[in-house]
Amino acid sequence: MNVKDKIELLFEQKIELSVNDIVQELSISSQYVHRILNQLVDNNSIDRIGLPPKTIYRKNEIQTNAAFSKVAIAKDKENFLNENFILITEIGQLLEGLPAFENWCNKRKLPLEKTIDEFILTKDKYNNYLDNNGLISGLDKLKNTKGYETIFLDELLYLDFYAIERFGKTRLGTILHYAKQGQNKMLMKILIQEIKQKIDVIISAYDIDAVAFVPPTIKRETQLMKFLANGLKINLPVIEIMKIGGIIPVPQKSLNKIEERINNAENTFVIKGNVSYKNVLLIDDAVGSGSTLNQISGKIKRKELAKNIIGLAIVGSFKGFDVITDV
């Protein structure tokens, strides 16, 4: 029995092991154990849970439906899933493309091939909202939302919708949700990789000469917007925005009335600086009502720091006035 077989047998017996557990059981080097574990992770025999130094390896108990695995999926459909579907399981596995969709279908007892076709049709319907640059305009939705006295934004763009019917969160919506709520730097890095190219397109298409990032309301050890601002490395001047408020921070997502959200945004942000720009890109993670981006835009324009402001949300709601409560 070789070392790999011995390690696999250990997982059969004990289900869950650390590198140190295996080293002690088999009296082999940790480097060799890591090499074998990486092979087992790659072929989905085991799952890697947690980050060093608290990484645990667990035998993969998820059984793939045999009928599913025998279905030959056309390459173009597989490519579509690779580009559009990602799943983070209840135990923290990150799956992409066909394996992710197969897992999703398996849990719901849905036929794989038929459901793939339904997903493609549904996603294509939402993709009809994309412009020539692969962006979604939410400005008309904002203008048609009752409660605004003035629309200060000159454009409101989404990189994708947060969720779509039946299938739930989009690829970007999923990455954003778990990156922010889990304060997960790995997912934040993936998010930057997903959005960087489109942001570069916006900067070029709208002749952007300065950027601004909406600051967070709730204190976290790792702040998503600060991480994005540093990771995107946009080589343009930055307009600083400060978040202020009372003793108790009140996040926008906790407010269900548009008037409250407008009032919150109007009275809890301060714009710093005195340099004027022509076209400013104002970036937020998710937009439901649009009140944060719109009211901040009003404050920037009243200080005469920008002539035009393009609001950008990584994801936005599809419906009219909506509250994205879990981002």
Side-chain angles (χ1 to χ4, degrees), residues 88 138 142 152-153 156-160 162-163 169 172-196 199 210-234 236-258 260-273 280-300 303 305-306 309-317 322-327:
I88 296 175
L142 186 66
F152 298 103
L153 284 164
L156 174 59
L157 300 171
Y158 308 155
L159 301 184
D160 201 353
Y162 178 61
K169 295 182 188 67
L172 270 185
T174 298
I175 297 170
L176 173 62
H177 171 77
Y178 286 99
K180 186 172 181 179
Q181 295 302 326
Q183 300 179 63
N184 188 293
K185 291 183 180 179
M186 180 194 74
L187 289 176
M188 291 181 189
K189 290 177 182 177
I190 292 173
L191 188 63
I192 289 170
Q193 294 170 3
E194 296 273 331
I195 69 177
K196 175 71 169 119
I199 290 178
V211 296
F213 293 86
V214 175
T217 300
I218 304 300
K219 290 183 178 180
R220 291 185 169 96
E221 184 177 343
T222 303
Q223 294 289 8
L224 173 66
M225 293 307 295
K226 185 176 181 180
F227 195 95
L228 293 183
N230 292 332
L232 287 168
K233 294 182 171 61
I234 299 173
L236 289 172
V238 177
I239 296 175
E240 186 180 353
I241 305 170
M242 291 180 58
K243 177 72 175 180
I244 60 173
I247 297 173
I248 302 172
V250 180
Q252 283 280 59
K253 66 182 181 180
S254 68
L255 303 173
N256 294 319
K257 293 182 179 179
I258 186 68
E260 293 175 340
R261 293 168 76 84
I262 291 172
N263 193 39
N264 176 283
E266 183 65 32
N267 291 285
T268 62
F269 291 101
V270 172
I271 312 301
K272 300 185 71 176
V280 170
L281 181 64
L282 176 59
I283 303 174
D284 202 358
D285 53 10
V287 165
S289 67
S291 54
T292 298
L293 287 177
N294 191 63
Q295 299 314 117
I296 289 177
S297 295
K299 285 177 170 285
I300 293 173
K303 287 196 70 172
L305 301 185
I309 299 178
I310 310 302
L312 171 64
I314 296 172
V315 294
S317 62
D322 193 14
V323 180
I324 299 178
T325 58
D326 55 349
V327 174

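- Side chain of N267 to backbone of N263: a donor-acceptor contact under 3.5 angstrom is found.
- Distance alone, capped at 3.5 Å, places no donor-acceptor pair between the Q183 side chain and the R220 backbone.
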Inset, instruction - Show the numbers, then the answer: is there a side chain to side chain contact (heavy atoms under 4.5 Å, CB included) between I234 and I199? - result: CA-CA 9 Å; I234 299 173; I199 290 178; 4.0 Å; yes
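- The heavy-atom pair separating S297 from L153 by the smallest distance is OG-CD2, 3.0 Å.
- Atom CD1 in I175 sits 9.5 Å away from atom CE in M186 (nearest 0.5 Å).
- D285 contributes atom CG, which lies 12.5 Å from atom NE2 of H177 (distance to the nearest 0.5 angstrom).
- The shortest heavy-atom contact between V287 and A313 is CG2-CB, 3.3 Å.
- Of all non-hydrogen atoms in S317 and G288, the two that sit nearest each other are OG-O, 3.3 Å.
- Residues L228 and I283 fail the side-chain proximity criterion, which asks for heavy atoms closer than 4.5 Å.
- Of all heavy-atom pairs spanning L224 and L191, the tightest one is CD1-CD2, 4.1 Å.
- The residue from V315, I314, T292 that alone fulfils the side-chain contact (heavy atoms from CB on, under 4.5 Å) condition with D284 is T292.
- When the side-chain hydrogen bond (donor to acceptor under 3.5 Å, both in side chains) test is applied to E194, the partners found at least two apart in sequence or on another chain are R171.
- If you take CD1 on I309 and CZ on F152, they are separated by 9.5 Å, rounding to the nearest 0.5 Å.
- Atoms CG and CD1, on N184 and I190 in that order, are 8.0 Å from each other to the nearest 0.5 Å.
- In this structure, M188 CE and T222 OG1 are separated by 5.5 Å, a value rounded to the nearest 0.5 Å.
- At a threshold of 4.5 Å between non-hydrogen side-chain atoms, the residues V280 and L305 do not count as touching.
- Residues passing the side-chain contact (heavy atoms from CB on, under 4.5 Å) test with I241 are A212, P215, F269, I271, L282, I296, sequence neighbours excluded.
- Environment of NZ in K226: sparse, with no more than 12 heavy atoms of neighbouring residues, nucleotides or ligands closer than 6.0 Å.
- With hydrogens and angles ignored, the 3.5 Å screen pairs no side-chain donor or acceptor of E240 with any backbone N or O of K272.
- In this structure V238 satisfies the side-chain contact (heavy atoms from CB on, under 4.5 Å) test together with V211, sequence neighbours excluded.
- Nearest approach of N264 to K243, heavy atoms of both residues: OD1-NZ, 3.5 Å.
- Atom NZ of K257 is separated from atom OG of S289 by 14.5 Å, given to the nearest 0.5 angstrom.
- Scanning all heavy atoms of the two residues, the minimum distance from K169 to T174 falls at CB-OG1, 3.4 Å.
- Side-chain contact between L159 and L312: present, with at least one pair of heavy atoms (C-beta onward) separated by less than 4.5 Å.
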